[in-house]
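Shown next, in structure tokens, is the structure this report addresses.
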Amino acid sequence: MPWRRPEAGAWGVMVSEFMLQQTPVSRVLPVYEQWLARWPRPADLAAEAPGEAVRAWGRLGYPRRALRLHGAAVAITERHGGDVPRDHAQLLALPGIGEYTAAAVASFAYGQRHPVLDTNVRRVFARAASGIQYPPNATTAAERRLARALLPDDEATAARWAAASMELGALVCTARNEDCGRCPVARQCAWRLAGKPAHDGPARRGQTYAGTDRQVRGKLLAVLREAVGPVPRAVLDRVWDEPVQRARALDGLVSDGLVEPLENDRFRLPLT
DNA sequence: GACTCGTGGAA
DNA sequence: TTTCCAAGAGT
């Protein structure tokens, strides 16, 4: 992956982590390349209108991430001299960076020792160590303890371990159709040794996208991304025929800062 | 802890 | 066709 090359730098790692939050690698790749070519440093992005970040985000989904990445670039420029901070707590204080992303940037970009617990690693640990097919819906204290216990002591080794355990989950120990034949720890895997018992308990609740506010928001924002200038409400009205839900979705976008209302019932991506 | 927040490819 | 889900964060 381009964000694993040394020349990607901390900013490249950070951009990739934002984009990879809930979005598959194959869809991130082209947008990542365009993004880094256009905004090679945090200050370059910080100098842009936030709406440009939202526009360049394209169809990656969850566009609030674009807004937060822009906000993080501004904060880095103002508070950290334009350099992505190395300190975990300072990373965590940036908008859009939570427990996982702070550890990922500190580990992948700066080679530090942090437990990196994403959905891939959690699945690997659930199977190899706990003997269950899938991890709990939300990360538990027990999972964090396990991750800390398994993390190698040496800093450089820990950073390599973080990347390796994630790759193992992403490429081999996948959610469906896991490939135990390629797994380096298959002989020690508690789940495999137990005969791969199927996940019990409640199924992870499905999302059901059709007809939700999220779908309406997506349609509204798609129109605004493509528009050059301000868009009249009448144009936005065409994306959804149910007026109450349509208004609620647009209001939500405005209150999230993804859309800026103008005079005369017109709208655009935010300039400030 | 429960919910919200996009999108599209694969099973 | 429907379901599942992909390197989470914020409220």
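Each chain gets a letter, A, B and so on, in the order the sequences are listed, and its residues count up from 1.
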How is [X] classified with respect to the nucleic acid when contacts are heavy atoms under 4.0 Å: base, sugar-phosphate, or nothing?
{"X": "A/R4", "result": "base"}
{"X": "A/L60", "result": "base"}
{"X": "A/R64", "result": "base"}
{"X": "A/G61", "result": "base"}
{"X": "A/W3", "result": "base"}
{"X": "A/E99", "result": "sugar-phosphate"}

Please give the distance between the [atom1] atoms of [N] and [M] as a whole number of Å.
{"N": "C/dA7", "M": "B/dT4", "atom1": "P", "result": "23 Å"}
{"N": "B/dG1", "M": "C/dG8", "atom1": "C1'", "result": "16 Å"}
{"N": "B/dG8", "M": "C/dA9", "atom1": "P", "result": "23 Å"}

Nearest-0.5 Å distance that lies between atom CZ in A/R64 and atom CD in A/Q21: 11.5 Å
Most 5' of A/P95 and A/S16 on DNA chain C, judged by nearest nucleotide: A/S16
Toward the 5' end of DNA chain C, by each residue's nearest nucleotide, A/M166 or A/R176: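 Closest to the 5' end, via its nearest nucleotide, is A/R176.
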Nearest heavy-atom neighbours spanning A/P63 and A/L258: O-CD2, 3.7 Å
Selection from [options] that lies nearest to any side-chain heavy atom of [X]:
{"X": "A/E17", "options": "B/dG6, C/dA7, C/dC5", "result": "C/dA7"}
{"X": "A/Y62", "options": "C/dG8, C/dA7, B/dG9", "result": "C/dG8"}
{"X": "A/P24", "options": "B/dG8, C/dA6, C/dA7", "result": "C/dA6"}
{"X": "A/A175", "options": "B/dG6, C/dG8, C/dA6", "result": "C/dA6"}
{"X": "A/Y100", "options": "C/dA7, B/dG6, B/dT7", "result": "C/dA7"}
{"X": "A/D118", "options": "B/dG6, C/dA7, C/dC5", "result": "C/dA7"}

Less than 4.0 angstrom between a side-chain N/O of [X] and OP1 or OP2 of [N], yes or no?
{"X": "A/T101", "N": "C/dA9", "answer": "yes"}
{"X": "A/Q22", "N": "C/dG8", "answer": "yes"}
{"X": "A/R27", "N": "B/dT7", "answer": "no"}
{"X": "A/R65", "N": "B/dC5", "answer": "no"}

A/L92 with A/V15, same ILVMFWY side-chain cluster at under 4.5 Å: no
Cluster link A/V84 to A/W3, ILVMFWY, side chain under 4.5 Å: yes
5' precedence on DNA chain B between A/A138 and A/D213 (nearest-nucleotide basis):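 Going by which nucleotide is closer to the 5' end, it is A/A138.
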Geometric class of the A/W57/A/W35 ring pair [parallel <30°, tilted 30-60°, perpendicular >60°]: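 A/W35 and A/W57: perpendicular rings.
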Main-chain N/O of A/Y62 paired to A/R214 side chain as donor or acceptor, under 3.5 Å: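 Such a contact is absent between A/R214 side chain and A/Y62 backbone.
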